[in-house]
Protein chains: 2
Amino acid sequence: MYTPSTRPVVLDPRGAANICANCEARSQSVCDAVPDSDIARLAAIAVVTRAEPGTTFIQEGDSATHFFNISAGTVRMYKMLPDGRRQITGFSGVGHFLGLAVSDTYAFSAEAIDRVRFCKFSRARVRTLLDDFPAMEKRLLAVASTELVAAQDQMLLLGRKTARERLASFLMLQSRQGTICQGSRSRFALPMSRGDIADYLGLTIETVSRTLTKLRTEGFIEIPSASEIAIRAPGALENLATGMA
Amino acid sequence: MYTPSTRPVVLDPRGAANICANCEARSQSVCDAVPDSDIARLAAIAVVTRAEPGTTFIQEGDSATHFFNISAGTVRMYKMLPDGRRQITGFSGVGHFLGLAVSDTYAFSAEAIDRVRFCKFSRARVRTLLDDFPAMEKRLLAVASTELVAAQDQMLLLGRKTARERLASFLMLQSRQGTICQGSRSRFALPMSRGDIADYLGLTIETVSRTLTKLRTEGFIEIPSASEIAIRAPGALENLATGMA
DNA sequence: AGGCCGCATTGATTTGGATCAACGCGCCGT
DNA sequence: ACGGCGCGTTGATCCAAATCAATGCGGCCT
C-alpha cells in the first residue's frame, strides 16, 4: 500500500530560455497563458525534473513550496489514513497543474505511476509572475473550477454508485481522456494498477478485477491485456455509468 | 428524496448602493475584495433574493447564468442519479460563494435548508467587474482552492472511512464551522435533517441515527435535541474522525 | 530454460451497512 | 384536546462488497 521510493532527479536546475518555448506540453497547460514574448521569464523559474515509477514527489503535510506541471507520464494523487487505507483523489497526465492550495502545506501526496517528467515552480516566484500575467490567474481559476466539478462527480460516485457503476464511470472517463492506443479508437491504455483503480473508486482489488471480468463476459468491454481496455458498447456503458441501467 | 418547491423571492431587483455597504456577510465573503470606494458598482449588479426552506434555486444542468453569495441561512448542494439517489456535495452558510464552473451549465443543484438570503450576480457582469478588481479574482481562486481541499477530504471520507468515522468527521467539521449555540461552547446546531446528513456521508438515515445513538451511549457526544449536538470528548472524537481509534 | 516475484484473477466465506418493518414523538392545524 | 403527519429511532433480516485464501501468469533475473 505504501511504497518508499527513490528521489526525483533534477534534469535542468536552472531553466534555459528554450525549455518552455519548446515544451510539447505547453499548449495543454496553464503555461500557455504566458505569451511567447515573455516565455523566458517562465523558463527562468522552471526546474525540469524526472521521477521514476513509484517516486513520491509531493508528500501530504509537507511545507507547500512549489507548484508542479506534468509534461510527461501519469501521476496519482492520494490521501492516506494512519492505518494505511488510501484514497486516490485523481490521476494527472500531461498538462495537468498540481499544488493549488491556500494552506501552507500540501493537502495530498503525489507519486509517479510510470516515468514522469514535470516542471517545478517556486510558489513565491509564481506569485510575482501572476501579478504580471492576469491571464494566467484566470487559467488557474478555470483549472480549479474544472477540478471542483470533477471532484463533485467523484463524490457522487463514491457516495452513491455501485461497484459496477463505478467501473463503468471510470472506464468512460479513461476512454475520454486516457492514452489512446493504436488500433481501434475505442481502445486505450490503463497506466495504473488494479490497486490504484480500487483506491480511486473506493473498492478493493478483488472487486475491481471481478467487476471488469463481468463487464467483459457481458460484452461491454474487451481486455486485451491487464493494462489495456477496449470499449465494445460505449452507449450501454455510459448508461451504466450514469445509473440509467 | 426530491422536493418540488416554491420559487425564490426577489427582495431587491435593482440593488440600492447601500445594500453591499451594509451587508453583514460582506466581511466573510469575496465581496470584501471590492473596496468601499467602489462598492456601489458591486451593489449595482447584486440582486438580493430570499428562498424559503426546501426551495431549489440552482438546478443541475440549467444554463449557468449567475453567481450566488449566501448572506443568511444554510444551503445544501447536491447531485442526483436518475433513479433518485442523491449525493450532497456540501453545505454552504453565510459568506459562501456558489456557482464557480467553467461549463455553461450548473454542475449541481442547490436548495435552501432553512430560510436563506443570497445575492445573485449575472456572470457576464461579474466578469467585467473582475477585470477591474484582480483582488477579487485572487479571492475566487482562494475559495476554489479551499473547496478543492475540502472535496479531497470528502473523497477520503466517502471512499475509505467507516460509518463511525464519517459521523465523527462530520460532527468535528460542524463543531468547527457550524452555528454555535448558547451554553456550552462545544454545543452546536445541525440545521440539516438526518436524511441530508446521510446523503452527505454516503450512508442511509438509519445508519446515521444508529451511529449517533451509539456515539452518545459511549459518551463521545450528547444529543439534547435531534438538531443539536454537544461534543463531550473532542479529542477522542477527532481521533475517531482521523482513523486513529 | 528455470524459478521467483509481483500483479491479477477466481473462489469461499464473512460482515458492515442497506433494506424492510414497526413504532415513538413532537408539531401543527382544526 | 385530538388526530395526523413528518421525522427520527430501533429492531430484524438481507446482500453487495470486503476479507480470506488459493491459483494463474507474465516479466525479469540468473
Side-chain angles (χ1 to χ4, degrees), chain A residues 1-5 53-54 76 81 83-87 113-114 157-168 170 189-217 221-229 240 243 245, chain B residues 1-5 53-54 76 81 83-87 113-114 157-168 170 189-217 221-229 240 243 245:
Chain A
M1 237 170 206
Y2 179 79
T3 319
S5 58
R76 58 176 165 251
L81 291 169
D83 64 2
R85 280 174 287 173
R86 181 179 71 158
Q87 178 64 38
I113 290 180
D114 41 25
L157 180 148
L158 292 171
R160 290 298 179 221
K161 288 187 184 177
T162 64
R164 199 175 163 74
E165 291 164 347
R166 292 179 201 205
L167 262 301
F170 174 72
L190 292 180
M192 67 292 289
S193 69
R194 295 291 185 268
D196 287 341
I197 299 172
D199 284 351
Y200 179 57
L201 299 179
L203 301 169
T204 59
I205 293 178
E206 293 93 327
T207 299
V208 168
S209 182
R210 265 187 261 273
T211 307
L212 283 177
T213 300
K214 193 125 186 289
L215 291 174
R216 178 174 54 71
T217 62
I221 60 172
E222 285 170 52
I223 312 181
S225 83
S227 64
E228 266 178 291
I229 297 280
L240 239 184
Chain B
M1 240 177 201
Y2 179 77
T3 318
S5 57
R76 56 177 168 253
L81 290 170
D83 63 2
R85 281 174 286 173
R86 181 179 70 158
Q87 179 64 38
I113 290 180
D114 41 26
L157 180 148
L158 292 170
R160 290 299 180 219
K161 288 187 185 178
T162 64
R164 200 175 162 73
E165 290 164 348
R166 291 179 201 206
L167 262 302
F170 174 72
L190 291 181
M192 67 292 289
S193 71
R194 296 290 185 268
D196 288 341
I197 299 173
D199 284 350
Y200 179 57
L201 299 179
L203 301 170
T204 58
I205 293 180
E206 293 93 326
T207 299
V208 168
S209 182
R210 267 187 258 274
T211 306
L212 283 176
T213 301
K214 192 125 188 288
L215 291 174
R216 178 174 56 69
T217 62
I221 59 173
E222 285 169 54
I223 311 181
S225 83
S227 64
E228 269 178 290
I229 296 279
L240 238 185

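Lettering follows sequence order; numbering is per chain, from 1. Treat the numbers as computed from the prediction; the structure is a model and nothing was measured.
The base of D/dG6 is not paired with the side chain of B/Arg194 by any donor and acceptor separated by under 3.5 Å. Under 3.5 Å, the side chain of A/Arg210 and the base of D/dT19 form at least one donor-acceptor pair of N or O atoms.
Taking atom CD1 of B/Ile205 as the reference point, atom P of C/dC20 lies 14 Å away to the nearest angstrom.
Using a cut-off of 4.0 Å between Lys/Arg side-chain N and Asp/Glu carboxylate O, A/Arg160 and B/Asp83 are scored as not salt-bridged. Salt bridge status for B/Arg86 with B/Asp196: present, with a side-chain N to carboxylate O gap under 4.0 Å.
At the heavy-atom level, A/Leu212 lies nowhere under 4.0 Å from the strands shown. Counting any heavy atom pair closer than 4.0 Å across all strands shown, B/Thr204 reaches a base atom.
When distances are taken from the side chain of B/Leu203 to each of C/dT10, C/dG17, D/dT9, the shortest belongs to C/dG17. Listed nucleotides: D/dT10, C/dT10, C/dG17. Nearest to the side chain of A/Arg216: C/dT10. For B/Glu206, whose side chain is taken as the heavy atoms from C-beta onward, the closest listed nucleotide among C/dA21, D/dA17, D/dG8 is C/dA21.
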- request: Tell me, with the steps shown, if B/Lys214 and B/Arg164 meet side-chain contact (heavy atoms from CB on, under 4.5 Å).
  value: CA-CA 9 Å; B/Lys214 192 125 188 288; B/Arg164 200 175 162 73; 4.0 Å; yes

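Counting all heavy atoms, side chain and backbone alike, A/Leu212 lies closest to A/Ile221 at O-CD1, 3.8 Å.
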